[in-house]
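Everything on this sheet refers to the single structure shown next.
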Amino acid sequence: MQARHGDATVELDAGATVREALGRLGVMRADVVAAAVDRGAGDEQWDLDRALPDGAVVLDPIRAATPEGRDILRHSTAHVMAQAVTDLFPDAKWAIGPPVEDGFYYDFDVERPFTPEDLEAIEARMRELLAAKQRFVRAELTRDEALALFADQPYKREVIERVEPSEVDVAEGRDEPTFTVYRNVDPDGGEAWVDLCRGPHLGSTDRIPAFRLLRTAGAYWRGQEDRPMLQRIYGTAWESQQALDDHLRMLEEARARDHRRLGRDLELLHMPEELGPGLALFLPKGAHVRRQMEDWIREETLARGYEPVYTPHVAKEDLWRISGHLENYGDLMFPGMEVEHATYRLKPMNCPFHILAYTSRTRSYRELPLRISELGTVYRFERSGVVNGLLRARGFTQDDSHIFCRADQVVDEVVGCITFARDLYRAFGLGEPSRVAVSTRPEKSIGTTEQWERAERALMDAAAASGYAYEVDEGEGAFYGPKIDIHARDAIGREWQLTTIQVDFNLPGRFDLSYIAEDGQKHEPFMVHRALFGSIERFFAVLLESTNGAFPLWLAPEQVRVVPVAADFADYARDVAEAARGAGLRAHVDDADDTLGARIRSAQTEKVPVTLVVGGDERTAGTVAVRRYGGGQRKDVPLATLIDELRTEVEDGRRGALPVGADASDGSDGP
RNA sequence: GCUGGAGUAGCUCAGUCGGUAGAGCAGCCGCCUCGUAAGCGGCAGGUCAGGGGUUCAAGUCCCCUCUCCAGCUCCA
């Protein structure tokens with residue numbers, strides 16, 4: 001047999017293992033956990049101690065500090081955890097235990113839920129198993145053998161029964177799938193544990209460098225609400241203690257940046273119980289930030305040819321019956337209100353209102369595309385367990401637009417929306433979209449196959465025309481049409497779905513929309529739904545967490561704080577603040593009866609971007625001493641110069657010239 | 001909605017075995033008059049989430065409800 005890696009090729013004896021081949025090829029290192037094996041039909045992942053097949057193969061080592069390597073490491077750690085759980089809870093039934101982003105989990109059916117103390121005990125037992133240096137030994141079984149082996153494991157049996165023959169099985173002439181199990185074998189040869197698993201795995205348990213169990217949670221078997229709820233344990237594992245520590249620190253950082261905490265500490269938001277779950281107040285400081293967001297989107301929508309409308313918050317239920325929302329989302333709408341022999345509902349969507357704006361008179365093809373736009377506040381009765389601050393609220397505001405257009409205009413309109421979203425992400429410092437996904441027809445949907453295919457095609461064409469590589473999320477579309485979702489990453493690497501663009505061929509028919517074309521006949525328009533922020537509240541939360549509350553100058557609720565060094569200079573401080581306000585800046589004076597140090601500290605903890613310290617020197621010269629949040633200080637800056645600089649910075653920020661957070665370390669401040 | 005965890009002053013938290021509620025910060029008052037991250041002193045602030053129960057006695061033990069958190073499911 002023959003193995004190749006890159007330009008190197010070696011001949012091997014029959015029965016040689018992957019490890020031996022990698023060694024002969026000179027690429028076997030301590031951090032190699034498995035190998036990608038290509039025997040002519042694409043890469044498969046193989047264990048290091050697995051014997052190579054006859055014939056020629058291409059080998060690539062999989063190292064621990066790679067996405068594939070970490071998956072293998074985490075998968076092995078999940079097995080060790082399941083073994084530890086079985087040792088401590090012999091009656092536990094095992095479900096599945098895959099690697100996931102940043103970690104792994106394993107689901108168990110146990111008599112009682114795991115407690116935090118159980119987690120500690122399981123982790124302690126895992127450390128013993130790591131020290132025991134158990135080898136992971138692969139074996140192949142038939143379906144009957146596998147069913148027999150897991151006779152007392154109903155979840156494993158269900159998995160086994162559902163497996164279909166793989167491409168490899170078919171290619172190799174088997175009409176039944178091959179099942180693989182991994183036995184954990186002690187150094188003395190005793191079998192400690194066996195689990196159904198596709199593999200590959202680490203060579204032995206002591207090759208797990210660092211792990212931590214994180215939390216327990218309930219999880220439905222196979223993710224289905226009508227199946228039993230199992231107990232899931234989440235953990236994480238990394239290629240080094242350092243990598244684990246870094247990850248745990250990142251989790252800590254994410255917790256500290258929670259928008260609910262920042263919103264309260266910085267007096268941006270108030271979410272008292274008296275309001276009700278999922279509802280938020282924007283306090284003055286939060287409202288200033290939000291206003292900048294709203295002003296930005298309003299100006300830009302007008303500049304891009306949208307027409308503003310205002311619509312009410314409640315309307316007769318019939319609108320939602322016609323649109324189909326009542327049928328599809330009735331449970332997620334606030335209940336009806338009986339008024340004068342009619343039932344009214346809080347609006348969960350703005351579409352019907354924009355449609356009524358469209359149908360207010362006969363429309364001509366000359367008017368299309370007609371882009372109707374508003375900041376529309378909607379109310380959805382989100383299930384109690386899903387409400388999550390501003391990220392998942394029961395009342396929120398969409399920068400919602402509906403574009404009514406001809407079929408041949410759909411692609412251009414969608415491209416326009418994608419471009420608009422790109423500009424928005426830049427202006428708000430989120431950089432380029434991290435993911436563009438086209439969602440196709442879901443199971444529960446309305447419309448014909450032809451309509452769906454046409455709309456999906458239009459979205460994919462538009463995504464391609466925008467220059468973004470897009471992915472396809474099969475079956476993730478809305479019930480009335482496919483959509484494009486655009487995601488962005490925040491400052492600490494988390495990904496958020498923000499913009500959504502949907503093609504709708506359904507509502508126009510339901511509401512009997514039409515326009516008069518050049519032929520004098522009625523034609524049905526298409527609709528494009530789009531929300532670029534998605535939800536203003538949600539975007540606000542993402543922005544808040546991403547900036548850690550240190551908003552760029554143009555968004556900051558208080559842009560300038562003037563601090564007199566002593567009460568004698570309060571007059572000049574007020575003059576400075578007045579001048580700043582005259583230039584359109586949000587400026588306040590802190591003349592509280594505190595020491596200068598204490599007032600500087602307040603400005604810093606409140607993350608005010610610009611603090612101006614003024615005393616006798618400054619008053620005499622008409623200057624200010626400038627201190628930037630997180631950045632440098634400058635003395636003797638003429639007030640007029642400073643104000644010009646800040647105005648320019650605000651304008652640049654609004655246009656997206658500066659990334660979020662850049663204000664904190666603006667190099668122009670000098671030493 | 002489901003599983004688990006939690007709820008004490010505006011915020012962060014302490015409160016032992018069931019014995020009658022405490023700190024720091026913030027707030028208010030006074031002193032201090034200050035040049036770049038916390039000056040000093042005092043005062044006030046509580047239906048211990050809400051309701052019910054056990055007990056001579058409940059923040060503490062039991063039950064119910066509400067809310068929040070972590071997940072699951074869902075997200076037009």
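Because the structure is a prediction, the values reported are computed rather than measured. Every chain is numbered from 1 and lettered A, B, ... according to where its sequence line falls, protein lines coming before strand lines. Any value given below was found using the heavy atoms of this structure, including those in side chains, with hydrogens, waters and symmetry copies removed.
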Are OP1 or OP2 of B:G1 and a side-chain N or O of A:S384 less than 4.0 angstrom apart?
yes
Of A:H588, A:Q604, A:E606, the one forming a side chain to side chain donor-acceptor pair (under 3.5 Å) with A:R561 is A:E606
Quick one: A:R112 CZ to B:G5 C1', roughly how many Å, whole number?
15 Å
Using only modelled atom types and a 3.5 angstrom limit, is any donor from either the side chain of A:Q633 or the base of B:G35 paired with an acceptor on the other?
no
Quick check: A:F89 with A:F108 (ring centres under 6.0 Å apart)?
no
Phosphate OP1/OP2 of B:A37: any A:T605 side-chain N/O under 4.0 Å:
no
Heavy atoms only, 4.0 Å cut-off, all strands: where does A:Q231 land among base, sugar-phosphate and nothing?
sugar-phosphate
With a non-hydrogen cut-off below 4.0 angstrom, is A:R264 in contact with a base, only sugar-phosphate, or nothing?
sugar-phosphate
If you look at every strand shown and take non-hydrogen atoms under 4.0 Å, does A:R232 touch a base, only sugar-phosphate, or nothing?
sugar-phosphate
Could you tell me whether the side chains of A:K607 and A:T547 share a donor-acceptor contact shorter than 3.5 Å?
no
Have a look at A:F479 and say if it touches a base, only the backbone sugar-phosphate, or nothing, with a 4.0 Å heavy-atom cut-off.
nothing
Does the base of B:C74 carry an N or O that pairs as donor and acceptor with the side chain of A:R383 under 3.5 Å?
no
For atom CD of A:Q224 and atom C1' of B:U73, their distance in whole Å:
11 Å
Check the distance between B:C31's P and A:D594's CG and give it to me in whole angstrom.
15 Å
In whole Å, what separates the P atom of B:C64 from that of B:G4?
12 Å
How close do A:E382 and A:A393 get, counting heavy atoms only, and between which atoms?
CG-O, 3.7 Å
Reckon A:R227 has a side-chain N or O less than 4.0 Å from the OP1 or OP2 of B:U73?
no
Ranking B:A37, B:G35, B:A76 by distance to the side chain of A:R601, first place goes to B:A37
Charged N to carboxylate O below 4.0 Å: is that the case for A:R619 and A:D571?
no
Euclidean distance, atom CZ of residue A:R222 to atom C1' of B:C72 [Å, nearest integer]
15 Å
A:N388 side chain near B:G71 phosphate (N/O to OP1/OP2, under 4.0 Å):
no
Please compare A:E618 and A:H529 by the position of their nearest nucleotide in RNA chain B and report the one closer to 5'.
A:E618
Taking atom C1' of B:C75 as reference, at what distance in whole Å does atom OH of A:Y480 sit?
12 Å
At under 4.0 Å between heavy atoms, what does A:G385 touch on the DNA or RNA strands: base, sugar-phosphate, or nothing?
base
Is a donor-acceptor pair below 3.5 Å formed from side chain A:D265 to base B:C11, judging by atom type as modelled?
no
Rounded to whole Å, the CE-P distance (A:M271 to B:C66) equals 19 Å
If you take any heavy atom closer than 4.0 Å to RNA chain B, which residues from residues 503-512 of chain A end up in contact?
none
Between the base of B:C34 and the side chain of A:D568, is one N or O donor paired with an acceptor at under 3.5 angstrom?
no
Does A:G616 reach a base, just sugar-phosphate, or nothing at all? Heavy atoms under 4.0 Å.
base
So, do A:F353 and A:W320 have ring centers that fall under 6.0 Å from each other?
yes
Under 4.0 angstrom, heavy atoms only, what part of the nucleic acid is A:P348 near: base, sugar-phosphate, or nothing?
base
Under 4.0 Å between any heavy atoms, over every strand shown, what does A:L332 touch: base, sugar-phosphate, or nothing? Just pick one.
base
With a non-hydrogen cut-off below 4.0 angstrom, is A:K635 in contact with a base, only sugar-phosphate, or nothing?
base
Regarding A:V387, tell me which of base, sugar-phosphate or nothing describes its non-hydrogen contacts under 4.0 Å with the strands shown.
sugar-phosphate
Honestly, is A:R227 close enough over A:Y220, meaning NZ or CZ under 6.0 Å from the six-membered ring centre and within 45° of the axis?
no
In whole angstroms, how far is the P atom of B:A70 from the CG atom of A:L251?
12 Å
A:Y234 has a side chain; which of B:C32, B:C72, B:C75 sits nearest to it?
B:C72
Look at the rings of A:Y329 and A:F479 and say which category their plane angle falls in: under 30° parallel, 30 to 60° tilted, over 60° perpendicular.
tilted
Could you write out RNA chain B as a dot-bracket string, with dots for unpaired bases, | for bases paired across to another strand, and Watson-Crick or G-U pairs counted at under 3.5 Å?
(((((((..((((.....[..)))).(((((.......))))).....(((((..]....))))))))))))....
B:A23 and B:C48, which share atom name C1', separated by this distance in whole Å:
16 Å
Please determine whether a side-chain nitrogen of the Lys or Arg among A:R255 and A:D258 lies less than 4.0 Å from a carboxylate oxygen of the Asp or Glu.
no
Pick the nucleotide of RNA chain B nearest each of A:M349 and A:V386; which residue has the one closer to the 5' end?
A:V386
Please report, rounded to the nearest Å, how far the P atom of B:C74 is from the CD atom of A:E443.
11 Å
Within the modelled atom types, does a donor on one side and an acceptor on the other bring the side chain of A:Y220 and the base of B:G71 under 3.5 Å apart?
no
I'd like to know if A:D504 pairs up with A:R510 as an ion pair, taking the criterion as any Lys NZ or Arg NE/NH1/NH2 lying under 4.0 Å from an Asp or Glu carboxylate oxygen.
no
With distance as the sole criterion, do the side chain of A:R255 and the base of B:A70 form a donor-acceptor contact below 3.5 Å?
no
Would you mind telling me which of A:R222, A:R232, A:Q231 makes a side chain to side chain donor-acceptor pair (under 3.5 Å) with A:D107?
A:R232
Looking only at heavy atoms, which two atoms of A:L213 and A:L119 are closest? And how far apart?
CD1-O, 3.8 Å
What does A:Y105 touch in the nucleic acid at a heavy-atom separation under 4.0 angstrom: a base, only the sugar-phosphate, or nothing?
nothing
